Amino acid sequence: MKSGAAGGVDSVVLTTCPRDCYDACGIAVVKRDGAIRHVRGDRNHPVSRGRLCRKCSIGYNGAFLDPEARLTRPLRRVGAKGSAQFEPVSWDEATAGIAERLERIVDGPGSHTILNAHYTGTFSLLAYFFPLRFFRRLGATEVDPDTICNKAGHVALDYMYGTSLVGFDPRTARDSRCVLVWGANPSASAPHADEHWLSESPARTIVVDPVRTPTAAKADLHLQPFPGSDAALAFALLHVISRDGLIDRDFVESYTLGFEEIEPLLANWTPQRGEERTGVPAELIEQAAALYGQGPSLLWLGQGFQRQRMGGNAVRACALLPALTGNLGKPGSGFLYLNGTESRGIDEDYLAGSHLGSDVPEPISHMDLVDCLEDRRQSQALFCWNINIAASNPQQARLHAALRRDDLLTVAIDLFATDTTDFADFVLPAASFLEFDDLVASYFQLTLSAQVKAAEPMGEALPNTEIFRRLARAMGYREPELYETDATVIETTLRRSGVALDFAALSARGTISIADDPIVQFAQLRFPTPSGRVELASDRAEADGLPRSPLPLSDDRPPADHLRLLSPASPWLLNDSFANDPKVARRIGPASVALHPEDASARGLAEGAEVVVANETGSVRLLVTLSDAIPRGVAYSPKGRWPKQEPGRANVNALNPGESADMGKSTSVHGVHVTVSAA
Ligand code: SF4
């Protein structure tokens with residue numbers, strides 16, 4: 001503590017950012033006389049090094065602290081569904097009103113007609129997992145959160161490696177000669193990893209991305225395949241690796257299964273053929289293959305390139321690279337999709353109460369949510385928490401219409417009045433991460449961090465945990481797991497994890513690594529597949545009706561006059577968080593679509609032109625920007641804007657038909673075709 005410039009008393013609370021972001025930055029919350037004055041990066045934190053990303057720096061000091069922007073009281077609908085007309089009610093009135101409707105549904109059509117839609121709005125462990133205890137006890141149907149993001153990649157890696165959640169330790173990059181970033185844009189989704197980890201690595205970097213992102217622009221090699229041709233590019237790289245004797249035959253023989261089914265496929269995929277199918281110059285394919293193949297190499301598999309029709313196949317094809325080159329089980333090698341909590345010893349089953357409820361229905365996909373909401377037999381109630389489906393989901397126009405159903409009990413939990421809360425019958429105000437204790441497990445670094453309460457919840461807002469304790473009480477449930485306090489859950493989680501620290505000790509340290517030295521991924525070269533080997537060809541995939549092994553497929557190019565739409569992360573938004581912050585909104589400006597100058601010229605469009613971007617699913621009006629960072633044939637419009645803030649009350653997801661990818665009923669949002677014409 002010390003005296004501040006204005007004579008008040010300053011104190012600093014160290015906490016952790018729990019956004020859906022690779023970085024998990026350490027945060028310093030500066031308080032004066034008990035009130036938050038400033039939220040900034042923790043100077044001593046190894047990731048944030050004193051700076052937050054631009055969006056969080058603005059948002060955490062803006063909308064997150066603004067009582068006018070925050071939801072501060074429970075609300076009950078008084079106007080037409082979707083009109084956002086509410087009256088404030090007490091917590092008891094809100095939870096009793098919700099419970100009364102839920103009980104009628106449970107006794108009538110059944111609890112499986114209650115849908116539980118959630119995602120990563122606040123991605124700390126208790127805020128994410130604890131509410132699942134309530135839904136399991138209730139017997140609700142979960143809308144599988146991964147299906148809106150990355151499920152195809154999880155399924156693909158599970159076939160081949162038995163897990164998608166054991167990645168390389170980023171610290172092992174000190175022993176790498178090559179880091180290959182495939183289909184990720186850390187400059188937007190992991191800004192500190194981009195600025196520090198990638199740039200400071202002694203390794204040479206290869207980026208595979210259709211767009212010349214800032215990460216791609218500074219890479220040693222940038223391969224720019226047309227979207228949907230990743231698998232073909234992987235096979236072209238493997239052709240060169242094989243031709244040049246860089247297949248690690250001993251490794252393949254000892255630790256993989258099915259190479260004899262892959263090897264014949266490599267012969268035809270010459271760099272020239274790769275160039276024809278992907279647009280990547282043969283010379284670049286040669287250079288990248290030599291660099292990666294010689295190793296030790298790391299492969300960062302992003303989320304972006306699996307969001308397409310054959311996204312699972314694409315991930316399987318890329319995931320051949322480490323196995324065939326022996327880039328596994330030694331320092332400086334490996335791959336990463338996500339580092340799951342298991343590596344930190346986190347007991348997700350305990351957190352989520354997996355034992356509760358005897359008859360839990362099969363989850364549904366976000367790709368099927370609209371169909372489900374349009375069918376009264378399948379859906380009588382919808383909970384949305386940690387998610388804003390009215391902004392983030394496909395089939396936006398149909399979804400908004402379905403959410404107007406008067407008979408659908410809709411409960412939305414959020415910090416802010418989003419598009420989704422506008423459709424709710426009850427809106428419950430959630431506390432921000434600055435207002436409760438929790439734990440954060442980065443899905444990149446192998447660390448565990450404390451999220452420390454820095455202020456009381458704003459108004460009557462409550463942490464997710466307490467909201468679901470109150471709902472459980474209103475339902476008359478008796479299971480003690482539904483009422484465990486946050487402190488008990490945190491201490492139990494820490495004790496089971498084996499970190500040998502209580503929360504006070506972890507808070508004092510902020511962030512800890514789970515090992516002093518870099519951990520070697522798959523050091524024992526045992527893989528959690530049925531065979532214990534890397535299953536290049538998979539009986540399980542075949543049994544699921546999929547090809548036994550990855551194939552060198554590429555999507556057809558869009559039909560004449562059409563462009564392939566990419567709607568990835570904006571550096572100014574995190575999913576759809578921060579779009580409502582006025583300063584962020586000013587920075588991102590009006591909604592736009594970036595085109596290659598030649599595509600714009602072919603359509604008679606100049607910079608700033610207003611255009612209609614359309615397909616059979618919907619249309620949006622956007623302003624054109626010109627950029628040669630975008631390949632020909634692509635329209636680029638970042639996601640995350642809020643429909644109700646747009647002139648046409650729709651964002652880019654109005655164009656997404658919600659077609660499922662080849663695996664996991666996952667999104668194929670980057671496979672959408674559109675026309676772009678002058679408005
Ligand atoms: S969103 Fe990511 S980069 Fe931004 S402050 Fe949070 S952890 Fe750091």
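As the structure lists them, so they are numbered: ligands from 1, and atoms in each ligand from 1. As the structure is a prediction and not an experimental result, all values here were calculated from the model.
Between atom 6 (Fe) of ligand 1 and Cys56 there is no N/O/S contact shorter than 2.8 Å.
Residue Ala24 approaches ligand 1 through these ligand atoms, each under 4.0 Å from one of its heavy atoms: 7 (S). For ligand 1, the atoms lying closer than 4.0 Å to a non-hydrogen atom of Leu574 are 1 (S). Residue Pro191 has at least one heavy-atom neighbour below 4.0 Å for each of these atoms of ligand 1: 3 (S).
Shortest contact from atom 6 (Fe) of ligand 1 to any protein heavy atom: Cys17 SG, 2.3 Å. Looking only at protein heavy atoms, the nearest one to atom 4 (Fe) of ligand 1 is Cys53 SG, 2.3 Å. Shortest contact from atom 2 (Fe) of ligand 1 to any protein heavy atom: Cys21 SG, 2.3 Å. In this structure, the protein non-hydrogen atom closest to atom 8 (Fe) of ligand 1 is Cys25 SG, 2.3 Å.
A salt bridge is absent between Arg469 and Glu484; no separation between the charged side-chain nitrogens and carboxylate oxygens falls under 4.0 Å. Ion pairing between Glu435 and Lys453 fails under the 4.0 Å rule for side-chain N and carboxylate O.
Of all non-hydrogen atoms in Ser333 and Thr172, the two that sit nearest each other are O-CG2, 4.4 Å.
Taking the six-membered ring where the residue is Trp, His118 and Trp385 present parallel rings, their angle staying beneath 30° rather than reaching 60°.
In this structure, Phe416 has its ring center under 6.0 Å from that of Phe64. Checked against the 6.0 Å centroid threshold, Phe123 and Phe433 do not count as a close aromatic pair.
The closest approach between Ser48 and ligand 1 stays at or above 4.0 Å for every heavy atom of the residue.
For the pair Arg54 and Phe578, the cation-pi test (distance below 6.0 Å, angle within 45°) is failed.
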